[in-house]
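It should be emphasised that the depicted structure is a prediction, and the values quoted were computed from it without experimental measurement. Quick note: numbers below take in every heavy atom, side chains included, and nothing from hydrogens, waters or symmetry partners.
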Protein chains: 2
Amino acid sequence: MAALTDLYQLSMACGHWRSGRARLPASAELFFRRGPFGGAFALGAGLAQGLRGLRAFRFSAADIAYLRSVLPSTTEEAFFDYLATLDTSEVTVSAVPEGSVVFARVPFLQVKGPLLVVQLLETTLLCLINYASLVATNASRFRLLAGPDVKLMEMGLRRAQGPDGALSASKYSYIGGFDCTSNVLAGKLYGIPVRGTIAHSFIMSFTTLEEVQPRELAPLAGGEAVDLPSLAESWLRQVCELLQTPLEKTNRGELAAFVAYAVTFPRDFQGLLDTYCVRRSGLPNFCAVALALHQLGYQAIGVRLDSGDLSQQSKEIRQVLRACGAHFQVPWFETIPIAVSNDISEQSLEKFIEEGSEIDMIGIGTHLVTCPLQPSLGCVYKLVEVNGSPCLKLTEDEEKMTIPGTKTVYRLYDAAGHPFMDLMALEEEPSPRAGQELEIRVLGRLAETCKVVASAVEPLHRTYFKDGQLCEPLPSLPEVRTHAQVSLSLLNPAHRRLHDPQPYPVAMTERLHQLLTKLQEASQ
Amino acid sequence: MAALTDLYQLSMACGHWRSGRARLPASAELFFRRGPFGGAFALGAGLAQGLRGLRAFRFSAADIAYLRSVLPSTTEEAFFDYLATLDTSEVTVSAVPEGSVVFARVPFLQVKGPLLVVQLLETTLLCLINYASLVATNASRFRLLAGPDVKLMEMGLRRAQGPDGALSASKYSYIGGFDCTSNVLAGKLYGIPVRGTIAHSFIMSFTTLEEVQPRELAPLAGGEAVDLPSLAESWLRQVCELLQTPLEKTNRGELAAFVAYAVTFPRDFQGLLDTYCVRRSGLPNFCAVALALHQLGYQAIGVRLDSGDLSQQSKEIRQVLRACGAHFQVPWFETIPIAVSNDISEQSLEKFIEEGSEIDMIGIGTHLVTCPLQPSLGCVYKLVEVNGSPCLKLTEDEEKMTIPGTKTVYRLYDAAGHPFMDLMALEEEPSPRAGQELEIRVLGRLAETCKVVASAVEPLHRTYFKDGQLCEPLPSLPEVRTHAQVSLSLLNPAHRRLHDPQPYPVAMTERLHQLLTKLQEASQ
């Protein structure tokens with residue numbers, strides 16, 4: 001894991017080591033500079049895997065042999081010996097609980113320890129946390145749009161950055177509020193619910209009902225097995241009559257595929273409707289097979305659409321399902337879940353809601369896992385204190401300025417229970433109290449002092465890692481997922497809305513501001 | 001590896017197995033539907049890892065135990081026994097050589113074998129090939145923009161989708177034409193050249209020259225070691241005088257950091273100039289240390305900028321380097337390589353060229369690895385033939401139509417040696433010959449017949465995998481990289497240009513078109 005870093009970290013480590021500075025006490029902070037996707041918030045995620053990375057932080061003999069071949073030839077041999085001894089036994093990490101709502105410029109992970117190790121962890125931690133937080137945030141936006149009842153399924157395995165990118169996408173989409181994934185390995189490794197439907201290729205691989213093998217299905221309640229293809233065919237005639245659609249326009253291969261699937265999974269039958277024509281083939285064929293199953297005591301579990309105007313079609317499908325349910329006296333028919341997929345974006349969801357669709361489940365791949373609205377969260381990891389001296393970086397880009405010093409961060413809540421401000425204080429400052437009038441400076445308006453009173457004050461970070469070990473039990477994935485939803489639900493709707501949100505104020509105490517000013521003046 | 005798939009693949013596999021269709025001969029094709037990033041071409045990549053995935057394709061006992069818990073309860077036990085026997089020993093894969101230029105709708109990988117296995121490989125292959133091809137293509141666009149001489153470094157480790165996404169980014173950026181990566185693990189695993197510079201955090205961790213330890217450096221040619229901080233200080237006075245910039249505005253911590261780095265790596269000294277003010281601090285401090293090193297016989301290897309107007313600053317820096325070189329009679333000074341980074345995109349490169357920058361090396365992270373212009377290539381994998389019958393999928397979206405039948409693909413070259421058309425033929429058709437007049441139909445204009453004559457005809461695919469084994473040696477990474485550059489250089493500039501390229505025509509033979517028409521009519 002230690003080799004998962006940028007080469008310059010090792011050159012710099014050598015510089016520190018050579019200067020006898022390797023073991024100076026240092027603090028670093030991890031944060032992002034702007035809320036992703038145009039929103040005001042993100043979900044902090046990747047903490048557990050970051051901590052596991054820390055625990056496994058070691059240079060193997062092979063790593064060191066390799067480094068010897070790529071670092072400058074003047075690198076002293078003793079440096080490589082030193083690298084071989086490194087671990088995180090003197091590192092302390094505090095962070096927001098995984099799944100918490102976090103805001104721009106507020107550190108959501110802090111690392112303290114010997115300078116050389118703290119610096120070396122930069123790239124590794126960023127690699128493990130950046131995408132995790134990005135995709136969890138993206139997922140949470142889809143959840144906020146969809147509302148609590150629509151089922152959301154992650155299906156980005158084929159669009160992610162390879163196997164591990166896909167596994168991260170599954171895990172962190174789940175944390176962000178998705179219900180399930182299509183990714184079998186993610187289900188196996190993380191215990192995330194996995195779901196699947198059926199693909200066009202399965203349907204296209206059938207041509208005629210004669211291909212269906214075996215053909216017989218026994219009723220659920222027991223009794224004599226019947227020939228399902230024949231039964232489905234007889235239902236198809238009735239369905240086509242009811243829907244006034246020509247029997248000869250239904251695709252026989254599609255019907256065969258549906259029947260074959262139903263024989264194999266009679267309790268889990270679902271139809272993908274758009275391999276051929278939804279209205280004239282997919283839907284009548286599905287209804288025929290579902291009605292045949294119903295006659296034997298089974299219920300179909302759903303339909304899926306993967307092309308065309310999904311919202312419009314969902315309404316037409318619901319009408320047909322209702323009509324069939326009423327005409328053939330099958331009450332459950334009208335509530336058969338309708339699932340959709342096909343390049344679903346936030347915009348698609350907005351359209352579904354606007355048009356009052358009849359969609360019950362949404363499968364999202366590309367727009368979830370690749371986060372096209374903003375494919376990187378842009379987290380950074382900055383040294384804020386070395387050997388007791390706070391660090392300041394002033395550059396030509398003001399946004400790239402760091403806020404110096406080791407900090408404690410507080411979240412301030414209003415009387416309604418909404419967080420209304422995150423407040424950064426120097427570590428040594430006393431904790432602000434509920435009800436107390438606080439003099440603060442808000443980022444972006446640092447010139448003026450503000451006064452705020454909080455109804456409740458919460459320290460944002462917990463210490464998770466100390467002396468090379470976890471020192472706080474990590475919550476399970478479902479617990480993190482629940483925490484994320486709670487954290488989101490506490491947000492004031494003005495901060496939570498996805499477009500043009502009210503910016504969430506981030507502030508610093510007067511004392512921190514004084515330190516900043518002093519350092520700015522000194523560096524002029 | 002087999003569990004790295006979507007659940008529905010396994011439900012469908014069960015359906016095929018139950019219908020006795022598991023072992024029907026089948027063919028599938030992998031292709032994308034539109035050229036990525038608004039260009040006409042892509043680089044096909046990921047083949048080697050796809051083939052390794054195939055070789056490792058097996059369900060472990062643990063996989064099967066897990067599948068038993070997630071597939072419908074009605075799934076027969078014998079199906080799980082069958083899964084445990086599956087491998088790719090009857091699978092054949094042919095593909096374009098890795099790194100080749102490929103075009104929309106032209107299959108660049110074909111899989112033949114028993115239906116159940118061919119279908120099961122879909123998600124796995126897409127996961128391994130999609131991002132690989134996307135990022136290789138993205139890298140090749142940066143290379144085309146930068147021209148052959150500018151060094152390009154991949155530095156996206158902290159922005160990719162986790163560790164493995166980052167490793168893929170390093171590998172496939174190299175294939176696409178990058179020179180090196182910052183990712184140590186990628187260097188170690190793949191042998192890609194790794195490079196690194198120095199970070200702001202290193203510089204910020206120093207405050208005064210007193211912190212520099214050790215201080216002494218011996219001349220390259222041998223002799224008595226000198227105190228480098230003092231030597232650098234004396235040079236700094238001269239540099240400030242020459243540049244007419246106040247000595248007191250140079251940052252002492254920055255100078256200390258440069259000196260510490262130079263003591264550690266005297267043959268590899270480089271400066272990051274923008275931690276404080278480039279003009280008044282970074283550049284004078286760098287020149288001072290570089291001149292001190294020069295006095296001892298060493299040459300600095302470069303400077304880097306990470307903020308502000310990179311193009312403009314590179315010109316100013318070059319001027320200063322020239323002035324110092326002339327004034328202090330150090331000829332190599334004026335050619336010190338200038339490296340830049342900071343959110344570099346295609347647009348940045350276009351700006352650099354337009355403004356005649358003095359940039360020698362470009363580090364690209366986010367815009368390379370996350371491919372924000374199009375974060376997914378959208379490759380698909382479609383069955384085109386089952387049991388001797390070609391498959392056709394007609395949907396409401398015409399673009400989603402597949403072209404039926406197992407095909408051979410030819411690339412046609414004009415007299416100048418440029419490929420001018422990819423031609424799909426049915427496998428059983430005779431190979432078209434150079435000089436022969438060919439009757440073809442171009443996709444997008446299928447209604448009309450065209451006649452073309454090629455100066456050379458090349459079959460696009462080679463067979464790489466047969467009987468569960470590789471049957472063609474796979475080229476090394478540098479060989480693939482060279483092949484990619486050759487393949488790109490053969491392209492007609494009209495197809496190669498990055499914006500509004502001339503679309504590359506993809507065609508089918510009359511016989512393939514007849515088959516398509518017949519199937520379309522039959523399915524109406």
Point to revise | Under 3.5 Å donor-acceptor, Arg267(B) side chain and Ser73(A) backbone | key: no
Review point. Going by atom types alone, do Ser201(A) and Gln119(B) pair a side-chain donor with an acceptor below 3.5 Å?
Key: yes
**Study point:** Proximal component of Leu157(B), with respect to chain A [non-hydrogen, under 4.5 Å]
**Key:** both
Check your understanding: Hey, are the side chains of Leu115(B) and Phe202(A) touching, using non-hydrogen atoms and a 4.5 Å cut-off?
Key -> no
Check your understanding: Who pairs with Glu211(B) by side-chain hydrogen bond (donor to acceptor under 3.5 Å, both in side chains), at least two apart in sequence or on another chain?
Key -> none
Check your understanding: Quick check: are there more than 12 heavy atoms from other residues, nucleotides or ligands sitting under 6.0 Å from CZ of Arg215(A)?
Key -> yes
**Study point:** Residue part contacting chain A, namely of Leu125(B), when any heavy atom lies under 4.5 Å
**Key:** neither
Check your understanding: Within 45 degrees of the axis of the six-membered ring of Phe206(B) and under 6.0 Å from its centre: does Arg21(A) put its NZ or CZ there?
Key -> yes
Point to revise | Donor-acceptor under 3.5 Å (Asp268(A) side chain, Pro72(B) main chain) | key: no
Practice item. Would you confirm whether Arg159(B), through its side chain, and Cys379(A), through its main-chain N or O, come within 3.5 Å as a donor-acceptor pair? Key: yes
Exercise for review: Indicate yes or no for a side-chain donor-acceptor contact from Gln161(A) to the backbone of Val369(B) under 3.5 Å, with no hydrogens or angles considered.
Suggested key: yes
Exercise for review: Would you please name every residue forming a side chain to side chain contact (heavy atoms under 4.5 Å, CB included) with Ser182(A), sequence neighbours left out?
Suggested key: Met153(A), Met155(A), Asp6(B)
Practice item. Answer yes or no: is there a donor N or O on one side and an acceptor on the other, between the side chain of Gln213(B) and the main chain of Gly20(A), under 3.5 Å? Key: no
